[in-house]
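These notes concern the structure reproduced below.
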Amino acid sequence: MTKRSNEPLLWLLFSVGGVVAALLIPVHLFLFGLAFPLGWLNAPSYDALLALARGPAGRVYLLVFCILPLFHWAHRFRYTLYDGLQIKHLNELVNTFCYGGAIVGAIVATYLVVHIP
Amino acid sequence: MDQISIDAVGRKEMTTYTEYPPKGYRVRISTYWWLGRWAYLKFILRELSSVLVAWFVIETLLQVNALIGGPGAYQDFQGFLRNPVVIALNIISFFFILFHAITWFNLAPKAMAIRLGGKRVPAILIALPNYAAWLVASVIVAWLVLRG
């Protein structure tokens, strides 16, 4: 008898999250984290950004942008601790921290995105 | 995700992760094994890029929170982003996430060995669509954000 495992689902989330992170985070990080704060480019106004975020497409985009990469982090960081530090005896704690953190992050993201005025 | 372990005789075997370590003699591997060789260090740095991915998601959620807070809260958040510590963290994150993106896109040719006319299609040609998608996605996001 084989034990049913969550591994395929977690790996899928890791993988899809990795694609989202690779495709979208560089441009977001460059614009919002570097170009706007350092004055290389003119930052969009509050109203323009709100208009982008508040539509249905903007909300779905933000959810995908935040939630999937969090599960990517959870899975990858779990195995970084597993392989890198070899703290196998702390498996339960590490798993709770990683996947639990991603679930909390997903709930916070959903709460925030729903509350965009 | 498989792990290569080396048994007493020095044979390499692929084992899947087990919750409890198997019985038997195992060579003790140093906690700092990944410092020994550039390839190993690169592996750990690539894996650690995920931490910066998580950081940028948090930064984005803080920005959404500032949007909800109104123009005043949004201005305050722009001030936070101009903090030199945050800038430094974002510069480090940028390089780590570029490293993630490039290593991620370059995985496709390793997973697919396509042959055309008896010759293996060069890796760059298989990775190319990934880079094209990256460029298109970046241009669309930049256009939407900068047009405002």
Side-chain angles (χ1 to χ4, degrees), chain A residues 7 11 17-19 21-34 36-39 41-54 62 65-67 69-70 72-77 79-80 82-89 91 101-102 105 108-109 112-113 115-117, chain B residues 1 3 17 19-21 29-31 33-34 43-44 46-54 56-61 63-65 67-68 70-71 74-75 78 81-83 86-87 89-91 93-94 97-98 100-105 130 133-134 137-142 144-148:
Chain A
E7 200 63 21
W11 190 86
V19 173
L23 286 178
L24 298 174
I25 292 185
V27 63
H28 275 255
L29 181 50
F30 177 77
L31 290 174
F32 291 101
L34 298 172
F36 299 150
L38 293 171
L41 291 167
N42 285 330
S45 67
Y46 172 80
D47 292 325
L49 211 55
L50 185 62
L52 270 179
R54 74 192 312 181
L62 281 173
F65 182 85
C66 292
I67 293 175
L70 280 179
H72 169 81
W73 162 78
H75 200 65
R76 198 168 228 188
F77 192 55
Y79 281 109
T80 309
Y82 195 105
D83 291 320
L85 299 180
Q86 302 180 73
I87 45 176
K88 297 173 173 75
H89 53 287
N91 245 354
V108 170
L112 287 174
V113 165
H115 282 81
I116 296 173
Chain B
M1 293 245 173
Q3 181 194 23
Y17 286 104
E19 213 166 322
Y20 302 101
I29 300 167
S30 153
T31 303
W33 61 270
W34 41 273
F43 163 77
I44 286 291
R46 194 193 70 198
E47 301 300 291
L48 280 178
S49 70
S50 62
V51 176
L52 285 319
V53 165
F56 189 70
V57 169
I58 292 170
E59 202 175 308
T60 303
L61 290 175
Q63 179 139 23
V64 173
N65 188 46
L67 268 180
I68 295 170
Y74 187 71
Q75 275 313 313
Q78 299 315 301
L81 287 178
R82 279 191 289 269
N83 184 311
V86 178
I87 297 268
L89 193 54
N90 281 338
I91 292 173
S93 299
F94 188 65
I97 289 165
L98 280 186
H100 160 70
I102 292 165
T103 50
W104 196 266
F105 295 143
N130 288 337
W134 190 17
S138 303
V139 168
I140 292 174
V141 170
L144 285 171
V145 171
L146 291 171
R147 138 197 98 125

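So that the names make sense, note that chain A is the first sequence line, chain B the second, and so on, each numbered from 1.
Contact of the B:Tyr74 side chain with the A:Leu50 side chain is not registered, since no non-hydrogen atoms from C-beta on lie closer than 4.5 Å. Within the 4.5 Å cutoff, side-chain heavy atoms of A:Leu49 are placed close to those of B:Gln63. Here the side chains of B:Arg147 and A:Pro44 are not in contact, with every heavy-atom distance at 4.5 Å or above. No side-chain heavy atom of B:Leu81 sits under 4.5 Å from any side-chain heavy atom of A:Phe36. When side chains are defined from C-beta on, A:Leu23 counts as touching B:Phe105, because their heavy atoms get closer than 4.5 Å. Side-chain contact between A:His72 and B:Trp104 is present, with at least one heavy-atom pair separated by less than 4.5 Å.
Residue B:Val64 touches chain A through its side chain alone, counting heavy-atom pairs closer than 4.5 Å. Interface remark: B:Leu98 contributes side-chain atoms only to the contact with chain A (heavy atom separation under 4.5 Å). Both the backbone and the side chain of A:Ala109 come within less than 4.5 Å of a heavy atom in chain B. For A:Leu62, the part lying under 4.5 angstrom from a heavy atom of chain B is the side chain only. Neither the backbone nor the side chain of B:Ile58 comes within contact range of chain A; no heavy atom of the residue lies under 4.5 Å from a heavy atom of that chain. Within the 4.5 angstrom heavy-atom criterion, atoms from both the backbone and the side chain of A:Leu29 approach chain B. When heavy atoms are compared at a cutoff of 4.5 Å, A:Leu112 approaches chain B by way of both its backbone and its side chain. Residue contact with chain B, scored on non-hydrogen atoms closer than 4.5 Å, is absent for A:Asp47. For chain B, the nearby part of A:Leu31 is the side chain; its heavy atoms alone come within less than 4.5 Å. Contacts between B:Thr60 and chain A at a heavy-atom distance below 4.5 Å involve the side chain alone, from C-beta outward.
Once rounded to the nearest 0.5 Å, the distance linking OG of B:Ser138 with CD1 of A:Ile25 reads 11.5 Å. From A:Phe32, atom CZ reaches atom CD of B:Gln78 across 8.5 Å, with rounding to the nearest 0.5 Å.
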Are A:Ile116 and B:Leu67 close enough, and set up right, to give a side chain to side chain contact (heavy atoms under 4.5 Å, CB included), and what steps lead you there?
-> CA-CA 7 Å; A:Ile116 296 173; B:Leu67 268 180; 5.6 Å; no
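Contacts with chain A were tallied for B:Ala137, B:Pro71, B:Ala101, B:Ala54; B:Pro71 has the most, counting heavy-atom pairs under 4.5 Å. Highest contact tally toward chain B, considering only A:Asn42, A:Val113, A:Leu38, is held by A:Leu38 [criterion: heavy-atom pairs under 4.5 Å]. Of the listed residues (B:Val53, B:Asn130, B:Leu48, B:Val139), the greatest number of heavy-atom pairs within a distance under 4.5 Å of chain A belongs to B:Val53.
Nearest heavy atom pair, residue A:Gly105 against residue B:Leu61, reads O-CD1, 4.3 Å. In terms of heavy-atom proximity, A:Leu34 sits nearest to B:Ile87 at CD2-O, 4.3 Å. When all heavy atoms are compared, the tightest approach of A:Pro26 to B:Phe94 is O-CE1, 3.5 Å. Contact detail for B:Ser49 and A:Arg76: the closest heavy-atom pair is OG-NH1, 3.7 Å. Annotation for B:Ile97 and A:Ala21: closest pair CG2-O, 4.3 Å, computed over non-hydrogen atoms. Between B:Leu144 and A:Leu52, the closest heavy-atom pair is O-CD1, 3.6 Å.
Side-chain atoms of B:His100 come within 3.5 Å of backbone atoms of A:Gly18 as a donor-acceptor pair (strictly under, hydrogens ignored).
Ring-plane geometry between B:Phe56 and A:Phe65 is classed as perpendicular, the angle between the planes exceeding 60 degrees on a 0 to 90 degree scale with a lower cut at 30.
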